[in-house]
Amino acid sequence: MAALRLLAGKTAFEQIEQNGIQQSMFTQLFAASGGPKWIGVAGLDKYLFSEFFSDRQASLYTMGASSGAWRLSCLAQKNPLEAYHRFEDYYIDQRYETVPSRQEVTEQVVRIIAGILGANGAMDIVNNRIIQSHFVVCKAKHLNAGRSKGKLAMGLAATAVSNAVSRRSLAWHFERLVFSHQQVKSPFSQLSDLPTEHAQLTRSNINQVLLATGSIPLLLSPVTQINGVSDGHYYDGGITDYHFDIPLPAAEGLSLYPHFYPYMSPGWFDKSLKWRRAKKHYHNALILAPTPEFIASLPYQKIPDREDFKKLDSDSRIAYWRESVKRSEQLAIEFAGIIENQSVMSHLERL
């Protein structure tokens with residue numbers, strides 16, 4: 001049973017066909033939102049972060065939102081594998097014996113972020129000039145910035161309706177902010193698909209940014225203050241950029257995307273809109289995704305998701321998620337074997 005799919009856009013397919021796969025050909029790395037779904041590709045992440053990119057000399061521009069940003073924050077630390085293991089432990093070991101309040105979930109996420117960063121991770125990330133981190137946060141507008149859950153629910157409903165007509169209407173409801181090193185050469189420095197504010201990622205705001213990028217509306221409390229930008233209600237970056245669909249005309253190399261699906265839904269409100277799945281802007285991307293057969297082999301025949309918190313008791317969920325992490329190592333083994341054997345064209349599919 002093959003566990004891993006390699007899907008390449010037109011430009012990426014041609015370059016890989018000619019040159020094979022080397023880490024130096026990638027200048028962008030994406031990591032998507034999706035709650036616990038990252039657990040299904042954790043083994044692949046750990047191989048990429050600790051081995052594939054271990055000797056990186058040129059800048060690698062990373063872009064993540066929500067749990068994708070948390071994954072990428074591990075890569076930018078001096079010991080990515082150690083950071084990722086902390087991420088696994090703090091995230092998977094969450095416990096909610098009763099239905100939690102927004103504040104209770106927020107407190108858990110604060111602990112997860114502190115665990116990911118450890119003693120020195122924040123400084124590692126903001127001072128890293130090879131791994132150039134970009135984390136997406138959404139600032140609520142109008143009803144979505146209301147204090148009550150009722151107003152927020154109405155605002156989200158209005159956002160869903162207008163987004164179904166036009167993705168660009170998201171700008172009426174939320175503003176995208178990208179926190180980064182603000183390097184002029186970054187391919188993400190001039191995003192034009194949605195209005196975007198760029199802000200400096202610093203030691204004094206990185207905890208706030210990582211909390212905000214994972215603050216799911218109605219589930220977590222909004223982050224109301226991020227140092228370096230105006231106060232407001234800041235929420236999950238996946239609202240605008242669930243799996244990303246951004247043009248990158250200034251990109252010098254290919255994009256690598258370890259992903260739990262073989263397709264990309266641009267924003268959170270696009271999840272059910274199959275006609276809006278992103279493809280055009282992934283012409284220069286290689287997507288690494290688990291096969292249906294691999295997913296079917298997992299406990300419960302699926303990758304972990306947020307519904308597991310509702311359907312399983314804590315002990316059962318934790319055991320399931322731990323087993324999924326263990327089995328995801330097969331993705332890494334297959335990708336490493338493809339690189340070592342130079343057999344990529346026997347596995348490469350067109351996106």
Side-chain angles (χ1 to χ4, degrees), residues 23 26-34 38 45-46 48-50 52-54 56-84 86-87 91 109 112-138 176-191 196-215 223 226-229 234 236-238 240-244 246 248 250-253 255-259:
Q23 61 88 7
F26 300 102
T27 54
Q28 297 82 231
L29 178 68
F30 286 92
S33 303
W38 62 270
D45 276 353
K46 287 181 283 189
L48 294 174
F49 294 2
S50 66
F52 188 69
F53 286 119
S54 62
R56 185 78 181 188
Q57 299 298 316
S59 294
L60 179 66
Y61 300 97
T62 70
M63 174 65 87
S66 197
S67 57
W70 300 344
R71 293 159 61 194
L72 293 175
S73 70
C74 299
L75 170 61
Q77 297 184 45
K78 288 183 179 179
N79 191 327
L81 190 58
E82 185 178 286
Y84 206 98
R86 294 197 304 269
F87 174 36
Y91 191 100
V109 173
I112 291 169
I113 292 164
I116 292 170
L117 295 178
N120 302 306
M123 290 302 295
D124 290 349
I125 295 166
V126 300
N127 291 330
N128 197 322
R129 291 298 174 259
I130 300 298
I131 307 302
Q132 298 276 333
S133 302
H134 298 71
F135 302 140
V136 182
V137 170
C138 292
R176 174 203 277 156
L177 282 82
V178 177
F179 289 84
S180 72
H181 297 83
Q182 291 198 291
Q183 294 294 307
V184 175
K185 291 184 178 180
S186 168
F188 304 117
S189 64
Q190 297 183 14
L191 302 180
T196 304
E197 178 182 346
H198 293 269
Q200 188 77 31
L201 185 67
T202 68
R203 175 63 188 89
S204 69
N205 69 17
I206 188 168
N207 288 69
Q208 298 165 326
V209 170
L210 290 175
L211 176 59
T213 193
S215 291
V223 174
I226 299 178
N227 295 335
V229 296
Y234 293 95
D236 198 304
T240 54
D241 296 280
Y242 190 57
H243 299 158
F244 301 101
I246 50 181
L248 298 175
E252 296 180 359
S255 297
L256 184 62
Y257 198 162
H259 194 30

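Index from 1, following the sequence. The structure presented is a predicted model; accordingly, all values stated were derived computationally and were not measured.
Aromatic ring pairs are classed by plane angle as parallel below 30°, tilted from 30° to 60° and perpendicular above 60°; the pair Tyr84 and Trp38 is perpendicular.
The heavy-atom pair separating Val178 from Met63 by the smallest distance is CG1-CE, 4.4 Å. For the residue pair Ser66 and Ser33, the shortest heavy atom distance occurs at CB-OG, 3.4 Å. The two residues Gln28 and Leu60 have their closest heavy-atom pair at N-CD1, 4.0 Å. Smallest separation of non-hydrogen atoms from Val229 and Glu197: CG1-OE2, 3.9 Å. Counting all heavy atoms, side chain and backbone alike, Pro80 lies closest to Leu75 at CG-O, 3.6 Å. Residue Ser67 comes nearest to Ala32 through the heavy atom pair OG-O, 4.1 Å, listed as atom of the first residue, atom of the second, then distance.
No side-chain heavy atom of Leu248 sits under 4.5 Å from any side-chain heavy atom of Tyr61. With a 4.5 Å cut-off on side-chain heavy atoms, Leu177 and Ile226 do not count as touching. Using a 4.5 Å heavy-atom threshold, the side chains of Ile246 and Phe30 count as touching.
The backbone N or O of Pro187 lies less than 3.5 Å from no partner atom in the side chain of Gln190, so there is not a single donor-acceptor pair.
Considering CG of Asn128 and OG of Ser59, their distance stands at 9.0 Å, rounded to 0.5 Å. Atom CG in Leu210 sits 6.5 Å away from atom CD1 in Ile125 (nearest 0.5 Å). Note that CD1 of Ile131 is 14.0 Å distant from CG of Asn127, once rounded to the nearest 0.5 Å. Atoms CD and CD, from Gln77 and Glu82 in turn, are 8.5 Å apart once rounded to the nearest 0.5 Å. Distance check, rounded to the nearest 0.5 Å: OG of Ser186 to NE2 of His198 gives 8.0 Å. Interatomic distance, Phe49 CZ to Leu81 CG, rounded to the nearest 0.5 Å: 10.5 Å.
Under the side-chain contact (heavy atoms from CB on, under 4.5 Å) rule, Phe179 has a single partner from Ile206, Thr213, Leu201, Thr202, which is Leu201.
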